[in-house]
Enquirer: 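Take a look at the following structure, please.
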Amino acid sequence: MKYWLMKSEPDVFGIDDLIKMPKQTEHWDGVRNYQARNMMRDEMKVGDQVFFYHSNCKEPGIVGIAEVVQEGYPDFTAFDPNGKYYDPKSDPDNPRWFMVDIRYVRKFKRTITLTELKEKKTLQNMRLLARGNRLSVMPVEKKHWDFILKQEK
DNA sequence: GCCAACGTTGGC
DNA sequence: GCCAACGTTGGC
């Protein structure tokens, strides 16, 4: 089993929106970055655990946990000419973009903020904290995952 | 294949 | 709202 971190803007789709979905499950559409696409298409497996991260907001940080319930399949929002994620270069017969489905697991008692993550020596080479990092889907090392969980209390 | 221009991300 | 960092596009 692997560990991941997925970013989302709470004004667009936050963890509370995930909780409200039928079966508390949603497809992770709209990712238009090849590295992130490759991870969703090739590496994420059912049962993998995901940190749900809120970005571009007042208090950026990890707010809870979700898990992968459906492995990579074509992102159909790329096929809808009227949708905001439409990409004419993605052909249904040869899809360019992929997504996974994730299900809500639990919300942390508090947000583990980006600010405090940066302060931890153990996490100093975490992908999320790398300079200029803009990936919206990224792997998390188990040692980092375990360490972050301990910060919740 | 290089690289300038442009668009996007996301913290602050 | 600013802007640094980065990815993508497209002319050559």
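A quick note: this is a predicted structure, and the numbers were derived from the prediction, not measured.
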Enquirer: Which atom pairs link the protein and nucleotides 4-8 of chain C when you take only N or O atoms and keep those under 3.5 Å?
Expert:
{"residue": "C:dA5", "atom": "OP1", "partner": "A:R131", "partner atom": "NH2", "Å": "3.4"}
{"residue": "C:dA5", "atom": "N3", "partner": "A:R134", "partner atom": "NH1", "Å": "3.3"}
{"residue": "C:dC6", "atom": "OP1", "partner": "A:R131", "partner atom": "O", "Å": "3.0"}
{"residue": "C:dC6", "atom": "O2", "partner": "A:R134", "partner atom": "NH1", "Å": "2.7"}
{"residue": "C:dC6", "atom": "O2", "partner": "A:R134", "partner atom": "NH2", "Å": "2.9"}
{"residue": "C:dG7", "atom": "O4'", "partner": "A:R134", "partner atom": "NH2", "Å": "3.3"}

Enquirer: Could you identify which residues of residues 114-127 of chain A place a heavy atom less than 4.0 Å from some atom of DNA chain B, listed by residue number, or say none?
Expert: A:L114, A:K118
Enquirer: For residues 18-35 of chain A, which residue pairs qualify under salt bridge (Lys or Arg N to Asp or Glu O under 4.0 Å), counting only residues two or more places apart or in two chains?
Expert: A:R32-A:D75
Enquirer: Restricting to pairs with a member in residues 84-103 of chain A, which pass salt bridge (Lys or Arg N to Asp or Glu O under 4.0 Å), not counting sequence neighbours?
Expert: A:E67-A:R103
Enquirer: Quick one: is A:K7 getting a side-chain N or O under 4.0 Å of the B:dT9 phosphate, OP1 or OP2?
Expert: no
Enquirer: If you measure from CG on A:L128 to CZ on A:F51, what distance do you get to the nearest 0.5 Å?
Expert: 10.0 Å
Enquirer: Is there any ring pair (Phe, Tyr, Trp, His ring centres under 6.0 Å) pair reaching into residues 85-111 of chain A, and which pairs are they, with sequence neighbours excluded?
Expert: A:Y34-A:W97
Enquirer: May I have the list of side-chain donor-acceptor pairs in residues 53-66 of chain A shorter than 3.5 Å, sequence neighbours left out?
Expert:
{"residue": "A:H54", "atom": "NE2", "partner": "A:I15", "partner atom": "N", "Å": "3.1"}
{"residue": "A:N56", "atom": "ND2", "partner": "A:E9", "partner atom": "OE2", "Å": "3.4"}

Enquirer: Among all residues two or more places apart in sequence or in another chain, which pass the side-chain hydrogen bond (donor to acceptor under 3.5 Å, both in side chains) test with A:E152?
Expert: A:R106
Enquirer: Which residue pairs pass the salt bridge (Lys or Arg N to Asp or Glu O under 4.0 Å) test when at least one of the two sits in residues 140-151 of chain A, sequence neighbours left out?
Expert: A:E141-A:K143, A:K142-A:D146
Enquirer: Where along residues 48-62 of chain A does a heavy atom fall under 4.0 Å from DNA chain C?
Expert: none
Enquirer: Show every donor-acceptor pair shorter than 3.5 Å between a side-chain atom in residues 40-50 of chain A and any protein atom, with sequence neighbours excluded, or say none if there are none.
Expert:
{"residue": "A:R41", "atom": "NH2", "partner": "A:N38", "partner atom": "OD1", "Å": "3.4"}
{"residue": "A:D48", "atom": "OD1", "partner": "A:K2", "partner atom": "N", "Å": "3.0"}
{"residue": "A:D48", "atom": "OD2", "partner": "A:W4", "partner atom": "NE1", "Å": "2.9"}
{"residue": "A:D48", "atom": "OD2", "partner": "A:K45", "partner atom": "N", "Å": "3.0"}

Enquirer: Pairs in or reaching into residues 113-130 of chain A: which pass salt bridge (Lys or Arg N to Asp or Glu O under 4.0 Å), with residues at least two apart or in two chains?
Expert: A:R110-A:E116
Enquirer: Return a table of donor-acceptor pairs under 3.5 angstrom between the side chains of residues 129-138 of chain A and protein atoms on other chains or two or more places apart.
Expert:
{"residue": "A:N133", "atom": "OD1", "partner": "A:L135", "partner atom": "N", "Å": "3.4"}

